[in-house]
Trainee: 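Structure provided below as structure tokens; questions to follow.
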2 protein chains.
Amino acid sequence: MPATKMKATIKSVATDLFYRKGYYATAISDIARGSGIQKASIYYHYASKEDLLFSILETTMDDLTVYIRETLEGVSDVEERLRVAIRGHVGFHLTRQKENFIANSELRGLSSQNFRAIVRMRDAYERIFQDLIRRGIDDGAFAVVDVKILSYAILTLCTAGASWFKPDGRLNVDEIALIYENFIISGLKQAEGAVLRPPVAALSG
Amino acid sequence: MPATKMKATIKSVATDLFYRKGYYATAISDIARGSGIQKASIYYHYASKEDLLFSILETTMDDLTVYIRETLEGVSDVEERLRVAIRGHVGFHLTRQKENFIANSELRGLSSQNFRAIVRMRDAYERIFQDLIRRGIDDGAFAVVDVKILSYAILTLCTAGASWFKPDGRLNVDEIALIYENFIISGLKQAEGAVLRPPVAALSG
DNA sequence: AATGGCCTACCGTCCGGTCGGCAGATGACA
DNA sequence: TGTCATCTGCCGACCGGACGGTAGGCCATT
């Protein structure tokens, strides 16, 4: 087996174990066994256990950011942009459930330097949503709300799906995304304010 | 020092350390040092490290459930009941931040038996909110939404505050609770549906 | 001959938990 | 009230094992 493939296998096995048992409860020897390899061989591909974790988190954050930016391309309506971003966010988190779960629960396993790196990426990602919301407020599409608090809220909410979602459950990814989407947009319009805009295309179509 | 006080001290120190460093990263000897005691003495008060964790989680869940039930007493309006519950939920999580953070991030440290016990308590608590939402739908106060998904969403959202809230930050507990409250209630009314009810007393008063 | 990819064997450390005992407070009893 | 046995709360020393990581070598491919 070429090195790059083994490396990917290790990462995949580690992702699965970190997701199921947690980072601390997973031993390098567990990952080795799952990869059909000896413990020492792991260190040919990754410098340390933390390096492996970091690699998973970095890739996930990278992919997520790229994905959401792609998703937004060509969409101009301010409300639709947020809707699209929510769908993208939920979709990404539910389809790449394990990695995202780890990214939101195992940051503790990182050294302060690596921790800061991931947090920086996360902050940049959050800023995308904050800008979308702010833009919506400025355009009058949303009520005047606390952008920071609600952006955290929205992301947390969508992210949480990664901890309970079951691919073969009652609802599929798209259905869940739609539920969140409507809930959030309605929340941002604030019922007691003027809720006068007509339903958007994305909803009725 | 009487035994009961030392026991409380240990629990408090453990809560602080579990919150700051995480359960696995905290050694019994750390807790002992923080309590001004020797490691072996911890075991006079608690049977094991897990027992200590479980004790924290059990107390927290108990207190939370009792608190929310008290909060709801005497409130009859269906929308106001949910509002009150949200305020209570947020308030509890932000004022007893450490314990709640642990309760939502360190369940992995529990044996399957203890894990089940806590999950049972959590499920019972969630059911309170699910009933409130369902009741609001039946009464026409809320749009017809997916109760299960949105109850998870609401609780997660409010709970998340415990991971970033800073007591001396820009907003205090009540302000944050109000933001969440309005956001959620608006979300449940669903902007594109019939949002015809007048603002409730709690909002204008 | 050299490199890549993996192995066996081993090391040092840390950590949860146990054991036996010790000092002071408590209480029964003469 | 003085004496002695008992209990309470804690301690120092230790154990067993798990775990991250290393050293050095082996073998197939190039």
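Throughout, a chain's letter reflects where its sequence line sits, starting with A, and its residues are numbered from 1.
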Trainee: Starting at atom CZ of A:Arg33, determine the distance to atom P of C:dC6, rounded to an integer number of angstrom.
Mentor: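 About 18 Å, once rounded to whole Å.
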
Trainee: Taking atom P of D:dA28 as reference, at what distance in whole Å does atom CE of A:Met6 sit?
Mentor: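 Result: 19 Å.
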
Trainee: Could you tell me which non-hydrogen atom of B:Ala160 sits nearest to which non-hydrogen atom of A:Thr156, and how far apart they are?
Mentor: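 Residues B:Ala160 and A:Thr156, closest heavy atoms: CB-CG2, 3.2 Å.
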
Trainee: Any side-chain donor paired with an acceptor under 3.5 Å for A:Ser151 and A:Glu126?
Mentor: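 Absent: no donor and acceptor within the cut-off.
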
Trainee: Rounded to the nearest angstrom, tell me the gap between atom NZ in A:Lys5 and atom C1' in C:dG5.
Mentor: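 The distance from NZ of A:Lys5 to C1' of C:dG5 comes to 15 Å, rounded to the nearest Å.
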
Trainee: Start with the C-alpha distance between A:His89 and A:Phe129, add both sets of side-chain angles, then the distance that settles ring pair (Phe, Tyr, Trp, His ring centres under 6.0 Å), and finish with yes or no.
Mentor: CA-CA 10 Å; A:His89 181 79; A:Phe129 279 79; 5.6 Å; yes

Trainee: Rounded to whole angstrom units, what separation is found between the OH atom of A:Tyr46 and the P atom of D:dG20?
Mentor: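 Taking OH of A:Tyr46 and P of D:dG20, I get 16 Å after rounding.
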
Trainee: Roughly how far, to the nearest 0.5 Å, is CD1 of A:Ile68 from CZ of A:Phe92?
Mentor: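 The CD1 atom of A:Ile68 is 8.5 Å from CZ of A:Phe92, to the nearest 0.5 Å.
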
Trainee: Classify the ring geometry of B:Tyr24 against A:Tyr24: parallel below 30°, tilted from 30° to 60°, perpendicular beyond 60°.
Mentor: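 Plane angle under 30°, so parallel.
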
Trainee: Tell me which nucleotide among C:dG5, C:dC6, D:dG12 gets nearest to the side chain of A:Tyr44.
Mentor: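 Selected nucleotide: C:dG5.
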
Trainee: When you check the side-chain N and O atoms of B:Thr15 and B:Glu99, is any donor under 3.5 Å from an acceptor?
Mentor: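 B:Glu99 and B:Thr15 do not have a side-chain donor-acceptor pair below 3.5 Å.
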
Trainee: Could you write out each protein N or O paired with an N or O of nucleotides 11-17 of chain C at a distance under 3.5 Å?
Mentor:
| unit_1 | atom_1 | unit_2 | atom_2 | d |
| --- | --- | --- | --- | --- |
| C:dG16 | OP1 | B:Thr26 | O | 3.4 |
| C:dG16 | OP1 | B:Lys49 | NZ | 3.0 |
| C:dG16 | OP2 | B:Ile28 | N | 2.8 |
| C:dG16 | N7 | B:Lys39 | NZ | 3.2 |
| C:dG16 | O6 | B:Lys39 | NZ | 3.4 |
| C:dG17 | OP2 | B:Tyr43 | OH | 3.1 |
| C:dG17 | OP2 | B:Lys49 | N | 2.8 |
| C:dG17 | O6 | B:Lys39 | NZ | 2.5 |

Trainee: Please check the phosphate of C:dG5 (OP1 and OP2 only) for any side-chain N or O of A:Ser41 closer than 4.0 Å.
Mentor: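 Checking A:Ser41 against C:dG5: no side-chain N or O falls below 4.0 Å of OP1 or OP2.
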
Trainee: Side chain of B:Gln38, heavy atoms from C-beta onward: which of D:dC11, C:dC6, C:dT8 has the nearest atom to it?
Mentor: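 The nucleotide sitting nearest to the side chain is D:dC11.
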
